[in-house]
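Here is the structure we will look at, set down as structure tokens.
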2 protein chains.
Amino acid sequence: MEDSAHPKRPVTVADVAKAAKVSKATAARVLGGYGVVSVQIKDQVMAAAAALEYRPNELARSMSTGRSGIIGVVVGDIENAFFSLAVRGISDAARLAGFNIIIANSGEQLDAERSAVDLLIGKRVDGLIVTPARCDRLDHLQHVRRAGVPLVLFDRAIPELDVDAVTGDDREAALTATRHLIGQGHRRLAYVSAMDAERGGLTDIALISNSAVRERVEGFVSALTEADLPNPLHSVRLGATDQHQTDAVMKRLLSEISPPTALLASDSLVGLRIFKSLQSLGLSIPQDVSMISFLDADWTSVTVPPITIVDQRVYELGKLAGERLVARIERTPLAVEHLRVTTSLVVRGSVATIGR
Amino acid sequence: MEDSAHPKRPVTVADVAKAAKVSKATAARVLGGYGVVSVQIKDQVMAAAAALEYRPNELARSMSTGRSGIIGVVVGDIENAFFSLAVRGISDAARLAGFNIIIANSGEQLDAERSAVDLLIGKRVDGLIVTPARCDRLDHLQHVRRAGVPLVLFDRAIPELDVDAVTGDDREAALTATRHLIGQGHRRLAYVSAMDAERGGLTDIALISNSAVRERVEGFVSALTEADLPNPLHSVRLGATDQHQTDAVMKRLLSEISPPTALLASDSLVGLRIFKSLQSLGLSIPQDVSMISFLDADWTSVTVPPITIVDQRVYELGKLAGERLVARIERTPLAVEHLRVTTSLVVRGSVATIGR
DNA sequence: TGATATAAAGAGACCGGTCTCACAACATAT
DNA sequence: ATATGTTGTGAGACCGGTCTCTTTATATCA
């Protein structure tokens with residue numbers, strides 16, 4: 001009933017040692033599970049620990065061992081299904097290896113990412129998985145490496161950084177998806193992304209600071225180019241950051257002289273917004289407009305028609321990143337690699353066949 | 001280019017102190033931002049710290065201050081949209097107050113939850129938000145309280161525990177939803193949950209160990225009872241744990257002599273499974289069967305028809321829990337409360353009007 | 001039986017911060 | 001000139017574990 005004795009002060013090894021009438025060192029050996037102790041003493045200490053409800057202070061433990069047993073994860077937005085599923089994969093891989101994860105949100109903002117990384121380093125995480133918001137600013141990530149903390153990039157790669165990265169085969173994926181659209185007879189396509197819009201549209205693909213987005217755009221443009229379709233860059237539309245903006249983008253897009261007959265959404269959030277936009281514009285899929293979205297999100301399989309998607313196998317992506325980081329932490333000798341998880345196109349009903 | 005000097009050993013206050021030619025105590029005062037130091041010395045130390053790229057060891061800091069700046073969160077399943085959105089709310093509230101969060105998954109398993117809680121306590125989190133898998137086993141949660149760590153229950157309450165809880169008004173919500181169904185003329189209803197099925201169906205509501213589920217069932221049953229509908233308990237179906245099981249549950253349910261004309265799904269995952277089941281059985285909503293789901297999940301607004309749902313305002317739920325915990329950590333004098341976030345029924349198109 | 005190996009337990013340094021206390025230097029009051 | 005106060009700095013204990021080194025007790029061998 002009453003919380004007598006120690007209303008707050010936590011029980012320490014010293015307390016247990018005193019209760020078990022042994023030295024602090026001996027108690028620590030038993031409780032820490034290292035060194036040698038006689039069975040008899042061990043039982044004594046265990047009994048005392050149980051009676052006192054001893055719980056080790058992991059902080060103190062980490063201090064002396066230098067390992068925290070924590071993996072830091074910096075994601076763009078946990079709320080996004082892509083990241084929450086990935087986190088699940090990372091978490092599973094981590095737990096399997098005896099690590100816990102601590103999550104920080106960057107909101108895709110560089111400065112938030114920077115301070116999150118700094119903080120996690122400060123917490124002495126054993127390793128870090130980061131989804132870099134931009135692939136051109138890498139001082140904070142270089143600092144991670146200099147601090148000797150294992151790092152794995154997730155979803156986006158930075159070749160200059162000489163560090164492991166786990167991503168999808170974004171270029172291939174976009175290429176395949178776009179070829180599919182072209183194969184179904186579409187000649188006027190558009191790629192829609194949530195990336196912040198630059199004034200005056202996209203001028204140079206190489207300027208896209210997010211490698212995943214860039215590769216997808218590259219794949220999309222390649223497919224257009226190989227099919228001799230005009231104005232590939234003009235077909236890339238940015239700024240679908242929320243429903244309102246997406247509605248605007250769509251309205252602009254569809255009121256052009258020769259509006260696209262097929263759309264490729266850069267992620268499932270954009271895909272959902274596009275879907276709603278089309279719905280509110282009274283356009284039907286795929287009769288009026290065809291679309292393909294990235295990510296096998298919940299909603300894509302229950303719409304009418306169900307949406308053709310690029311399956312990114314996000315759980316595997318996360319799991320792989322987790323496993324890779326664990327291997328690094330455990331100093332497994334491995335060459336620095338850019339691991340790509342193969343995606344696949346899941347054809348459902350959102351793409352119409354047009355032309356002859 | 002080369003990582004000279006300290007290839008691995010992190011820079012400490014002592015290092016900075018030596019470089020700045022002051023005592024460790026003085027350097028610590030500057031770097032820790034406490035006590036008094038002359039501007040001159042302060043600049044000296046700051047310069048040395050910058051040159052050496054000093055980063056404080058938060059672990060050591062936590063050791064002496066006794067505060068870690070971390071809030072522990074134990075959820076059922078991050079992959080679930082309900083939890084990932086809630087985590088976002090918690091995270092936002094935490095960050096605003098200068099806390100970070102560390103997430104652990106229980107998978108709704110009691111023992112996983114227990115060890116997660118133990119581990120987080122060990123990490124000396126400043127507070128804990130837990131979604132208890134069961135509301136009848138509370139020894140580990142009692143231990144949290146005895147350890148003096150502030151605790152807030154999320155989504156489920158345990159009155160016996162005398163601790164803050166933040167939940168939806170589940171009983172009301174289910175009552176309102178069910179009344180809506182009855183009001184539309186439905187007389188044969190079923191409530192479908194993912195809770196593990198007991199042999200021989202549900203016998204006693206009071207035995208449901210998850211308070212959120214129990215309250216919803218209570219609300220559902222109350223509505224049935226007040227409308228003089230028979231067999232309320234028989235109308236509660238458990239075991240919709242995955243698509244396969246849900247298909248089985250649905251098949252059984254719909255092949256009864258007088259099958260239900262309306263379904264209430266206990267959460268959005270179950271809702272989605274039910275939707276898919278009905279789809280694969282060739283039944284149309286709401287002509288053949290009406291349904292209402294909990295949670296305003298992505299998928300519910302893009303189906304045909306869009307799904308009538310109970311809006312749980314999960315982000316607010318999470319945010320409130322985060323804020324409450326922060327208040328506890330900061331020792332704001334507050335009575336122990338069970339905070340309920342009001343939900344609302346969002347009528348869309350998945351409920352048919354039948355009868356006269 | 002004495003010398004040596006071996007097992008078990010104790011003493012205390014250490015990790016990297018915080019923080020209390022002592023002390024020095026200088027300013028102001030008496 | 002001495003007492004008192006203020007401010008800035010240094011010395012060192014402390015947090016709660018781990019871990020090395022030393023000491024003591026017991027076993028093994030010649």
Side-chain angles (χ1 to χ4, degrees), chain A residues 6 8-46 48-49 52-70 119 121-126 147-148, chain B residues 6 8-46 48-49 52-70 119 121-126 147-148:
Chain A
H6 318 279
K8 36 168 44 186
R9 200 180 67 74
V11 179
T12 72
V13 275
D15 298 327
V16 175
K18 204 178 331 157
K21 299 185 195 310
V22 298
S23 75
K24 183 186 154 197
T26 303
R29 269 187 278 258
V30 176
L31 300 171
Y34 58 91
V36 245
V37 256
S38 65
V39 202
Q40 190 179 331
I41 294 278
K42 183 168 179 176
D43 291 347
Q44 253 181 69
V45 174
M46 291 302 257
L52 269 56
E53 289 197 308
Y54 167 80
R55 292 289 185 290
N57 182 331
E58 299 290 344
L59 244 47
R61 188 169 278 176
S62 300
M63 277 254 31
S64 17
T65 58
R67 314 181 348 98
S68 64
I70 299 182
L119 184 118
I121 295 280
K123 300 268 186 224
R124 293 299 188 268
V125 293
D126 291 338
Chain B
H6 318 280
K8 36 167 44 188
R9 200 180 67 75
V11 179
T12 73
V13 275
D15 297 328
V16 176
K18 204 178 333 162
K21 297 187 198 308
V22 297
S23 75
K24 182 185 154 197
T26 302
R29 269 188 278 260
V30 176
L31 299 172
Y34 58 91
V36 244
V37 255
S38 65
V39 202
Q40 189 180 332
I41 293 278
K42 185 168 177 174
D43 292 346
Q44 252 180 66
V45 174
M46 291 302 256
L52 270 55
E53 287 197 307
Y54 168 78
R55 291 288 185 293
N57 183 333
E58 299 291 345
L59 242 47
R61 187 169 279 177
S62 301
M63 277 250 29
S64 17
T65 59
R67 313 180 350 96
S68 63
I70 299 184
L119 185 116
I121 295 280
K123 300 267 187 224
R124 291 301 186 269
V125 292
D126 292 337

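In this text, all values refer to a predicted model and were calculated from it rather than measured experimentally. Chain letters run A, B, ... following the sequence lines, proteins first, then strands; residues in each count from 1. All heavy atoms count here, side chains included; hydrogens, waters and symmetry mates do not.
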Q: Among residues two or more places apart or on two chains, list those pairs meeting side chain to side chain donor-acceptor pair (under 3.5 Å) that have a residue in residues 17-35 of chain B.
A: B:Ser23-B:Thr26
Got a sec, which residues hit side chain to side chain contact (heavy atoms under 4.5 Å, CB included) with [X], two or more places apart in sequence or on another chain?
| X | answer |
| --- | --- |
| B:Ser64 | none |
| B:Ser38 | B:Gln40, B:Ile41 |
| B:Ile70 | A:Ile102, A:Lys123, B:Ser68, B:Ile102, B:Val125 |

Q: Residues of residues 38-45 of chain A with any non-hydrogen atom less than 4.0 angstrom from an atom of DNA chain C: list those, numerically ordered, please.
A: A:Ser38, A:Ile41
Q.
With the threshold set at under 4.0 Å for non-hydrogen atoms, list the residues of residues 59-68 of chain B touching DNA chain C in residue-number order.
A. B:Ala60, B:Arg61, B:Met63, B:Ser64, B:Thr65
Q: Take the C1' atoms of the five end pairs on each side of the helix from C:dT1-D:dA30 to C:dT30-D:dA1, derive the two axes, and give their angle rounded to 10 degrees.
A: 50°
Q: Any chance you could measure A:Arg67, atom CZ, to B:Leu59, atom CG, to the nearest 0.5 Å?
A: 12.5 Å
Which atom pair, heavy atoms only, marks the closest approach of [X] to [Y]?
| X | Y | result |
| --- | --- | --- |
| A:Tyr54 | A:Leu31 | CE2-CD1, 3.7 Å |
| B:Val13 | B:Ala27 | O-CB, 4.0 Å |
| A:Thr12 | A:Arg9 | CG2-NH1, 4.0 Å |
| A:Val22 | A:Val45 | CG2-CG2, 4.0 Å |

Q: Sugar-phosphate means primed atoms, P, OP1 and OP2; the rest is base. With that split, encode nucleotides 21-27 of chain D 5' to 3' as B, S or - using protein heavy atoms under 4.0 Å.
A: -------
(Q) Using a heavy-atom cut-off of 4.0 Å across all strands, would you classify B:Val37 as base, sugar-phosphate, or nothing? (A) sugar-phosphate
**Q.** By side-chain hydrogen bond (donor to acceptor under 3.5 Å, both in side chains) - contacts of B:Arg55 (at least two apart)
**A.** A:Asp118
Q) Taking only residues two or more places apart in sequence or in another chain, which ones pass side-chain hydrogen bond (donor to acceptor under 3.5 Å, both in side chains) with A:Arg124? A) none
**Q.** DNA chain D-proximal residues of residues 18-27 of chain A, any heavy atom under 4.0 Å
**A.** A:Lys24, A:Ala25
Q: Go through DNA chain C in 5' to 3' direction and return only the first and the last nucleotide with some atom under 4.0 Å of chain A's heavy atoms.
A: C:dA8 to C:dG16
